[in-house]
Number of protein chains: 2
Amino acid sequence: MPFDLILNNLEKHIHLTREEQEIFTAYLQPKKIKRKQFLLTYGEVCKYSAFVTAGCLRGYTVDKSGIEHVLNFAPADWWIADMYSLISQKPGIQNIEALEDTDVLLLSKANQEKLYTQIPKFEHFFRILTENSLVASQQRLIDSLSLTAEERYNNFCKRYPTLIDHLPQKQIASYIGVTPEFFSRMKGEMVRKR
Amino acid sequence: MPFDLILNNLEKHIHLTREEQEIFTAYLQPKKIKRKQFLLTYGEVCKYSAFVTAGCLRGYTVDKSGIEHVLNFAPADWWIADMYSLISQKPGIQNIEALEDTDVLLLSKANQEKLYTQIPKFEHFFRILTENSLVASQQRLIDSLSLTAEERYNNFCKRYPTLIDHLPQKQIASYIGVTPEFFSRMKGEMVRKR
DNA sequence: GGCGGCACTTGATGTAGGTTAAGAAATTAA
DNA sequence: TTAATTTCTTAACCTACATCAAGTGCCGCC
């Protein structure tokens, strides 16, 4: 069943009847994104929340000197969107790109809002999802203010153990907020230490 | 009316009937916090969302070398809590302190959850509130990754014009993520430039 | 099967911001 | 009002990380 993963994901916080499941899945729009293709690019208005069923996406911004900053990775079973743009419906600041061939289910903003009124449980679900994102985002801010690059890397390894091996290490460098060169050196030093 | 401010705050996103307003305000617990007193301290479980009606609070963490990092300021008309602890009901990581004599209205987690089921509009309200916090938090992360201290200071001035004058500048330094010494030097250089 | 490009490494040098310290100015307390 | 604290400034020196540059390994592609 193509919807098993997403229905299970919902089930973590809310319980749906058969009927509600059908209403929900009817709103979803499957889409395939090839490696290096984009789900969303800078300046576009974000019209969908995306749920990854296979593969992996990355959301990132590009600063004015051209450096990319990875905001989040979204492997299977994760939601992703440019929240700023999705909420405000203004041109967004994120690029969302596939790191490998990826399958997503799209839920349009309009459909998402229909769900809120039709099935209030969805408002509950997305409130909790957003709360968890907020806590993660705050924690990452705290980490970036108070930890060294090496400590941030160790945290990353703990939090995303599955991602580490099959992610080019310049992506990890970008996520923890250092250059690929420094990251490479740092890894070397970490090995030498133990 | 002591509840005018908070009812107006709600009105930005949801409309309540007289009756609903009364149910809501009955759940609130007014509290006064003297300057330098704490609403919450590190290691405590956060049991309330707080709405500031007068004065100003700051939420901050202390890292392992004893440096304070301001996560947010909450002047009048703002909500504040240690979201990590409030959600998980585990010991928190934030201190929330009054920068001046401050009045808050406390909404306990239990009452907040009662509101969600009694008056679903509250789930809507807090979802939106949380979404906005998430966007702000993400933007701050992006800023801390891609802007210089000077640019972050300029952003701060734009976003919190009212706070600047009546906030000790070491608090601003902590918020933008530099030492008070560097902040002082930077300000000097900024004046010299123009 | 060779080659064009990308990911990674390594080295030399540069810089934003930190640390330490000590004095001046401003607030608070009494 | 004065004493006590806290905040702010200035200066010399330090460090984590960036930048630039050159070289190596590797994988996909005509």
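Lettering of chains follows the sequences in order, A, B, ..., and the numbering in each one begins at 1. Computed from heavy atoms alone, side chains included, the values below leave out hydrogens, waters and symmetry copies.
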For this session: Name every residue in residues 155-173 of chain A that has at least one heavy atom under 4.0 Å from any atom of DNA chain C, in order of residue number, or write none if there are no such residues.
Result: A:P168, A:Q169, A:K170
For this session: Not counting sequence neighbours, list each pair that qualifies as a side-chain hydrogen bond (donor to acceptor under 3.5 Å, both in side chains) and has a residue in residues 83-97 of chain A.
Result: A:R58-A:E97
With 3.5 Å as the limit, what N/O pairs link the protein to nucleotides 20-23 of chain D?
none

For this session: Scan residues 56-67 of chain B against DNA chain D and write down, sorted by residue number, each residue with any heavy atom closer than 4.0 Å; if none is found, say none.
Result: none
Exercise. Who passes side-chain hydrogen bond (donor to acceptor under 3.5 Å, both in side chains) against A:D77, sequence neighbours left out?
Worked result: A:N9, A:K12
Problem set entry | salt bridge (charged side-chain N to carboxylate O under 4.0 Å, His left out) partners for B:K31, two or more places apart | none
Exercise. How would you list, by chain and number, every residue that makes a side-chain hydrogen bond (donor to acceptor under 3.5 Å, both in side chains) with B:H124, sequence neighbours excluded?
Worked result: A:E123, B:R127
Problem set entry | Counterpart residues, side chain to side chain contact (heavy atoms under 4.5 Å, CB included), relative to B:K34 (two or more places apart) | B:Q37, B:D101
Problem set entry | Residues that A:I23 engages under side chain to side chain contact (heavy atoms under 4.5 Å, CB included), provided they are two or more places apart | A:Y27, A:Q118, A:I119
For this session: Using five pairs at either end of the helix from C:dG1-D:dC30 to C:dA30-D:dT1, determine the angle between the two local helix axes and round it to 10 degrees.
Result: 50°
Exercise. First and last nucleotide of DNA chain C in contact with chain B, 5' to 3', at under 4.0 Å to a heavy atom: what are they?
Worked result: C:dG17 to C:dT28
Seminar exercise, completed: Contacts of B:T117 meeting side chain to side chain contact (heavy atoms under 4.5 Å, CB included) (sequence neighbours excluded), chain-then-number -> none
